[in-house]
> 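For reference, the structure I am asking about is given below.
Here is how names work: the chains are called A, B, and so on, in the same order as the sequence lines, proteins then strands, and each is numbered from 1. Remember, it's a predicted structure, so these values are computed and weren't measured experimentally.
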Amino acid sequence: MSVTLKSIVDFWREYRRYPIGLVGLGLLLLLIIAALTFPIFGDYQVVKNWLTNQEYFQDYPRAVPPCWVGLLTGQSQTQTIIAKDAEVASFVAVEGPVQGEDGYVRYRITATFTVTGATEPSDVALEAYMSYQADPPGVLIEEIKVVRPDGKEFYLVKPVLPGGLNVNLPLETVAPTIGTVFGYPNTKLPGADVPFSLVGLAQNPVVITRFILPTLTQEYGAELAGASLSQLLTNVYRAIFSDDIAAALKGEDYNVLQGDYQVIITFAGKNLDMEIEPKKFVVKGSCYGLLGTDDKGRPLDQGIYYGVRWALIIGLLTSVITVVVGTLYGIAAGYIGGIVDEVLLRFAQVVYSLPVLPLLILLAALFKPNIWMIIILIVAFSWPGISFVTRSMALQIKSEPYVEAAIAAGAGTLRILILYILPQVLPYMFASMALSVPGAVIAEASLSFLGLGDPDLVTWGKILYDAQDAGAALNGYWWWVIPPGLAIALVGMTFVFIGNALDTILNPKLKR
Amino acid sequence: MAELLRVENLKTYYNTLRGIVRAVDGVSFTLRKGEVLGIAGESGSGKSTLAWSLLGLVPPPGYVKEGHIYLDGMDITRMSEAELRKKVRWKKISMVFQGAMNALTPVYTVGRQIEEVFKIHAPHMGKQEVWNRIYELLESVGLHRSIAHRYPHELSGGQKQRVVIAMALALEPDIVIADEPTTALDVVVQAQILNLLKRLQREKGLSIILITHDLGVIAELAETVMIMYAGKMVEYGPADLVFTRPKHPYTEALLKAIPRLRGPVDKLIYIPGQPPDLTRPPPGCKFAPRCPLAMDECHEKEPPLFKLVDGRLSACWLNRNEALEAGG
Amino acid sequence: MAQANGDIVLDVRDLKVWFPLRRSISEIVTMKPRRYVKAVDGVTFKVAKGEVFCLVGESGCGKTTTGKAILRLVDPTGGQVLFKPKPEILKELERRGIKPVDGGYVDLVRVPKGKFKPLRRELQIVYQDPYGSLNPRFTIKRILEDPLIIHGIGSPKEREEMIARILEAVKLTPASDFMTRYPHQLSGGQRQRVAIARAFILNPSLVVADEPVSMLDVSIRAEILELLLDFRKKYGTSLIFITHDLAVARYICDRIAVMYLGKIVEIGDARRVIEEPVHPYTKALVAAIPEPDPDNRLRIREVPIKGEVPNAASIPPGCRFHPRCVEYEQDKERLDALCPVKEPPLDRPINAAPGDERLVACWRYIEK
Amino acid sequence: MATARAILTRVVNSLITLVVALLFISAIFAVFKVTELEGRLAEELPLMLQQLEQQYRHNPELFEEKAKQLEQDLREKYGLTGSYWENVVNWTVRLLISNLTFNFGTTQYSYIGGTNDVGEILIIALKNTAILFVTATIITSIIGIILGLQMARRPGSPLDRGISILGMISWSLPTWWVAIIMLLVFSFYLGIFPTQMKDVYSELARLPGGLEYYILSIPIWLRYMALPVITLVLVSFGGWAYIVRNIVLGVLQEDFVMAARARGLPERRVIYGHVLRTSSPPIVTYIALSLVGAFGGAIITEAVFGWPGMGLVYWVAIQNQDATVLVASTWVLTVAFILTILILDFIYALLDPRVRVG
């Protein structure tokens, strides 16, 4: 026992001398930690919904870069906020009931957020549970406005008359009901989650023509002369965040106005008793998280974080099985020798000279295998390389005088194999295991990249497939392309470094 | 006879991780024209390093620390690589390498490799002339000329050794260094190769430096013998004297350790222990720890090379009284 | 120590080891018979108890293969190897269903591989290369313990004592110091002593020593030879000593067999054979050996032999030495009907001195 | 004599490999095909039977007969007359023949060259793949060998360490990913190179005919090839250099190197004439191995660049689920691949006199 321990200690002493090997070991530790901590720090829901449920990602900004980019380039960005349940309170305030002198009871939702980026947030969305009772039934929306940092108020809903003058009429005649805006039957609203989207509202033709345009023309009438309706229709949302509202509306250059914004929604009704419970508040900023999002809004950091475990599983499992199969095959061929060796060797050569990837592609395209099948397929094509080396090692060790001396001392075949041949082959096995990890990881990634991976698995290859499918390179979505590839390379490098150090220790010819 | 080569206090060291290996540590000798110098020593005594030093070919991390090697008055240790190549190697000094099996490039025919030597060193020679010379060379070492068109792996050990000797003679150098020229050959072939060397040496008046661990082989050829131990020369003198009346305990022990083919079967003696670690040599005489005659002094002070009455050199304190002077 | 005392441990009769050659495609097509490398081609000799028997010859003459075939490390193609094990081993073999040939001998060639194990205690080998013959991953203790474990000898404590004793016997002292070391921490000579210890730890009746000193420095060879002779004396072990060096053979051997191309050409008392060789090949061998005698420098050494050793796959017909034989050349007319035609048997030479037990395979000397 | 034997062994080996590959490809496709056709049959047959039943409502006996006839006809049409495995075997044989005769039929999708004949598509694709791959391999080998030699001559030097690490890193990079990055940098951000390499054809179509065509087409080819070639070279030269270094380092320790130096040969001659020449057989072996390794990555790289080669054919065929083209291209690629290895084997035998004779 102590002999084994001593040899391990000796080995470590030798290994320590290879900085590259130490780097590899450090990286491996990091990767293992990453793989193990996903359940703690990762968002499993994201990964679960990644492939199947696009709805889940509707709150995320789409195809936005990571937020740290702003720090590097000096360009400010608008942070994405996705607040749920309890967190919502820090962004959204609900006031009410307020009994107005005009006989209406009012409730007001105020959502506050900050725009710091050079581009406007792609959406500001709110979801709240609402239920109400009113007599007479019906809830009106008195106004929806955005209060901008420059103090201007941008009305999305404001009761006005076609003539442009605000007349003191009862609200019922001028204000829309909750259903007109939010699409619910206006008579009775039982308790329900009601969604609100700034983009949705600002791009809703009905809302624009009935409410927004009248208020805008009232204010910017002169400046907007000559702008076409369709222009106005498409540019309303941008105008909300523009330092020059009119220019933005006309589609001219403008800058995003930075600062604190408030979205205020006021409900009103006679004898209104409302329950408003904000559930979710979302600002789809111009950046997201550590690694940005893809074109479906999926947060790439989670996908890549999750991918670590599968890369390690695929890489290690494939290489371990490959090496074990190859080694046993090689040792068997080498040790038995004779005609058996000849046949085994010939077969291995045949498998070896098949073009692996095309065959893998064919198999994967025809039979749509799951990840375990893919691993088995990769192993099926990659064991011969190992078997050649172990075969010649077995042949060489078999002819060493000390093995013959053991036979002369009466040692049986099993004893020779286990005590004499295996210990010599074992270090080589470890080295080749490490060195064949990158190949396995790349092979799986390649299949996934072609869209032939396990359909139920989020892997780096699959993320890259989506990127390629969306033309990420040609659209400049570098954050979608670089990190998954780097992650693959990192796993590969980890094991190449370790394998290389092992190889150098085992192969004295390469030393110095 | 004229002095061809003079080596003065040559020190060739290797820088290794474990420390400096003093492979050759202060060796001096001269070689006259037509003289055969045998250098004998066991593994690790520095004899091959000495040979490499003479051609300026010490492989890194080795280097000539100090000393001079004068060839025709020029100091080889001061020469640039280009000068060595043009003036010394093969033209003046050629070498028959240890393990001739591996001294030939496996991918070229034998003739082509000899041809290359002429191409580099005698570019004026015509192709026909060169090939005639190649055939002549091969025949002079007892090979058929068709051997020129064969690859090294097609030849037997003895044939390869002959080819290597023929190649060494190509430019008619003054000195041939033969490093273990017969090791790994069977006795019959060994005898043939030794005969060949003997014949060539006589015919051409060659100077040969013969390096081997086999005192029997040295006795076949060498006029003068140098015995090396742990990078030092311990005895140097005419073969007749060194073999019959050794003056260093190491030489004496070596001779007594060899079983003989003729004469009474004496009990062999052996030298206990093993050669010193050259990175940490013992103080005093390097042989003292294994020497049956070692005195206290031997462990402390390194003996100089004493020049004895009969002209021999011996590095042993026992010879102090007999010595004419302490040379070295 | 001659064989006269009749206590023969090993009796090798007509031993053959042929290695089949791969046939080329044209040979397969033309259905030519398979060719063989006849490494050992009918070798016969006896080894007495406590005797040092030498096999000498040039590389490729089959001396090592003969040694390994006796130990069944190489499978013989034919012949008999009669070996007399110690009584307790013999009993063990009988228990395993191996019937001894008369006189307590076992034919090693006919013992099935699966039942050979008890015999391994009796037959051991020391190799030429001290660097390759010890498992680099085992400590010295483990190397020496392995044979004991394989044969189930002793408790761990007893085994350790045995190892200590044998290490002292091969002068690796203090034993405890060497036990924990690995082979790479030893010098060549020390390793060879470990190899000898391993061979003798099972107290075998026969040890094959395959060029045990040829890779060692001259200054320590004598010590290793001494050690082998010591063990022989102490335990009465018989030694088959394989060497290419006639001088070493003369020093250590009682009897000697000179091999050429898989056959013994001359066999007899070591001193006699070397000092007065009869077979032309032996003569050539003896003549070829350089000795540290400065007088040699002055003469060209005459080696009475022609050409080079032919390939063992194409052994010349008749006497396999005749194409290189100088004496055949000289006496061609008389010998032409014999040498190139008929293989000479091993026989007493006609002019043998009385008491000379030597046998020679040469028509020139046996033909009456 | 012995040379003939060595060559024959290699040819036989390649033939065996081809047969195994052929059987393998045909058989797995047959399994797929039979399964697919069975599925189609199971879908179509009930519908047609329903129709038939309507037609022969009044004559159940005739219906039985007609129904049997219908199933029989359909099965024959699809080649599904036997049991499942019989069908697979039948299909395998059918595919074997079409593969062996390179008679792959047509496809409904459009690939390259404006043809629907699978054979023609593959010829164009293979040619383009060869152009790209051979160019890249030649450049890589030259750089790799020169760098490797320099590294071996000074082991442990900054150059040696640097390239070694680069080699290790590139060993862990998927080639096609590097291709995406290259596109991102050079085509998207810098706009130096075109993005879709298959556009080379539309550009070539604009050229005049005759001799002028050949002269003018070269720079166009070069412009479109540049980025893919740079990518392939960039990814593999480090690994090459590292392997060459290790092979050469081994050879440098051989005795004949010092012997050659002792003969006064100039260092260049020692290194290139003796060391490199002796290292060349293992280096050629390594070329073969690296082709095996790099090939897969390279064809996916083609797909990324839209280079009109086998990779693009694969990519499109996978998107279209075009099994016919997939199988045909796998077979063609396998044949090309095994032939390449065979040729390299011959080169090896030519370079190494030991193999040439023994």
Side-chain angles (χ1 to χ4, degrees), chain A residues 20 346-347 349-367 385 435 437-439 441-443 445-446 449-452 461 464 467-469 472-478 481-482 484-486 488-497 499-500 507 509-512, chain D residues 13-14 16-17 20-21 24-25 28-29 31-32 155-156 164-165 168-169 171-184 187-189 195-196 246 249-250 253 288-289 292-293 295-297 299-300 303-304 310 314-315 317-319 321 323 326-327 329-330 333-334 336-338 341:
Chain A
I20 277 221
R346 188 63 62 90
F347 178 69
Q349 276 170 347
V350 166
V351 177
Y352 193 65
S353 28
L354 293 173
V356 181
L357 201 78
L359 289 176
L360 275 181
I361 291 174
L362 184 67
L363 282 165
L366 296 184
F367 300 109
L435 288 174
V437 167
V441 173
I442 291 178
S446 300
F449 179 68
L450 292 170
L452 301 172
L464 283 167
Q468 177 70 6
D469 205 33
L474 307 177
N475 289 309
Y477 299 153
W478 55 266
V481 178
I482 293 176
L486 276 187
I488 293 173
L490 193 73
V491 171
M493 258 143 62
T494 303
F495 288 96
V496 172
F497 287 171
N500 200 270
N507 201 346
K509 250 192 169 178
L510 307 182
K511 269 189 194 168
R512 254 224 323 257
Chain D
N13 257 353
S14 303
I16 294 174
T17 313
V20 170
F24 183 73
I25 293 170
I28 59 170
F29 188 40
V31 170
F32 170 77
S164 296
I165 290 176
M168 285 181 231
I169 292 173
W171 171 250
S172 6
L173 293 175
T175 316
W176 41 265
W177 176 71
V178 179
I180 300 177
I181 303 301
M182 297 294 278
L183 269 182
L184 193 68
S187 299
F188 177 76
Y189 283 110
T195 54
Q196 275 299 302
N246 288 348
L249 208 56
Q253 286 161 6
L289 298 189
V292 178
F295 201 61
I299 62 169
I300 303 180
V304 171
M310 295 300 289
Y314 263 105
W315 181 267
I318 292 167
Q319 307 303 318
Q321 291 284 307
L326 271 180
V327 170
S329 39
T330 305
L333 215 49
T334 306
F337 188 76
I338 292 171
I341 303 238

> Among A:Leu363, A:Val437, A:Thr494, which has the most heavy-atom pairs under 4.5 Å with chain D?
A:Leu363
> I'd like to know which of A:Val491, A:Val350, A:Leu464 tops the heavy-atom pair count under 4.5 Å against chain D.
A:Val350
> Between A:Ala489, A:Gly485, A:Ala445, A:Pro438, which has the largest tally of heavy atom pairs under 4.5 Å with chain D?
A:Gly485
> Contact part of A:Ala472 toward chain D, heavy-atom cut-off under 4.5 Å: side chain, backbone, both or neither?
backbone
> Could you check which of D:Leu183, D:Ile28, D:Ile25 has the highest count of heavy-atom pairs closer than 4.5 Å to chain A?
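That would be D:Ile28.
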> Any idea which of D:Val31, D:Thr334, D:Val178 has the most non-hydrogen atom pairs under 4.5 angstrom with chain A?
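So the answer, after comparing D:Val31, D:Thr334, D:Val178, is D:Thr334.
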> Is the side chain of D:Ser187 donor-acceptor paired with the backbone N or O of D:Leu184 at a distance under 3.5 Å, no angle test?
no
> Measure the CD1-CD1 distance between A:Ile488 and A:Ile442 for me, rounded to the nearest 0.5 Å.
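Here the interatomic distance stands at 7.5 Å.
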> Under 4.5 Å heavy-atom distance to chain A, tell me which part of D:Phe29 shows up: side chain, backbone, both or neither.
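It is both, since atoms from each part get that close.
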> Taking atom CG of A:Leu450 and atom CD1 of A:Ile361, what is their separation to the nearest 0.5 Å?
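If we round to the nearest 0.5 Å, A:Leu450:CG and A:Ile361:CD1 are 5.0 Å apart.
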> Give me the one residue out of D:Ile299, D:Thr175, D:Ile300 that meets side-chain contact (heavy atoms from CB on, under 4.5 Å) with A:Ser446.
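When side-chain contact (heavy atoms from CB on, under 4.5 Å) is applied between A:Ser446 and each of D:Ile299, D:Thr175, D:Ile300, only D:Ile300 qualifies.
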> Does any heavy atom of chain A fall under 4.5 Å from the side chain of D:Val327, the backbone, both, or neither of them?
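Both backbone and side chain of D:Val327 come within 4.5 Å of chain A.
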> Looking at D:Thr17 and A:Ser353, what are the two nearest heavy atoms and their distance?
CG2-OG, 3.5 Å
> What's the separation between atom CD in A:Gln468 and atom CH2 in D:Trp315, rounded to the nearest 0.5 Å?
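Result: 5.0 Å between the selected atoms.
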> Can you list the residues that meet the ring pair (Phe, Tyr, Trp, His ring centres under 6.0 Å) rule with D:Tyr314, with sequence neighbours excluded?
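With neighbours one apart ignored, the set is empty.
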> Please identify, among A:Tyr477, A:Phe367, A:Phe449, A:Phe347, the residue contributing the most non-hydrogen atom pairs under 4.5 Å to chain D.
A:Phe449
> Counting heavy-atom pairs under 4.5 Å to chain D, which of A:Val351, A:Asn475, A:Asp469, A:Val441 comes out on top?
A:Asn475
> Identify the heavy atoms of D:Trp171 and A:Leu435 that sit nearest to each other, and give their distance.
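Here D:Trp171 and A:Leu435 meet closest at NE1-O, 3.6 Å.
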> In terms of heavy-atom proximity below 4.5 Å to chain D, should A:Leu490 be classed as side chain, backbone, both, or neither?
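Neither part.
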> So which of D:Ile338, D:Leu333, D:Ile180 has the biggest tally of heavy-atom pairs under 4.5 Å with chain A?
D:Ile180
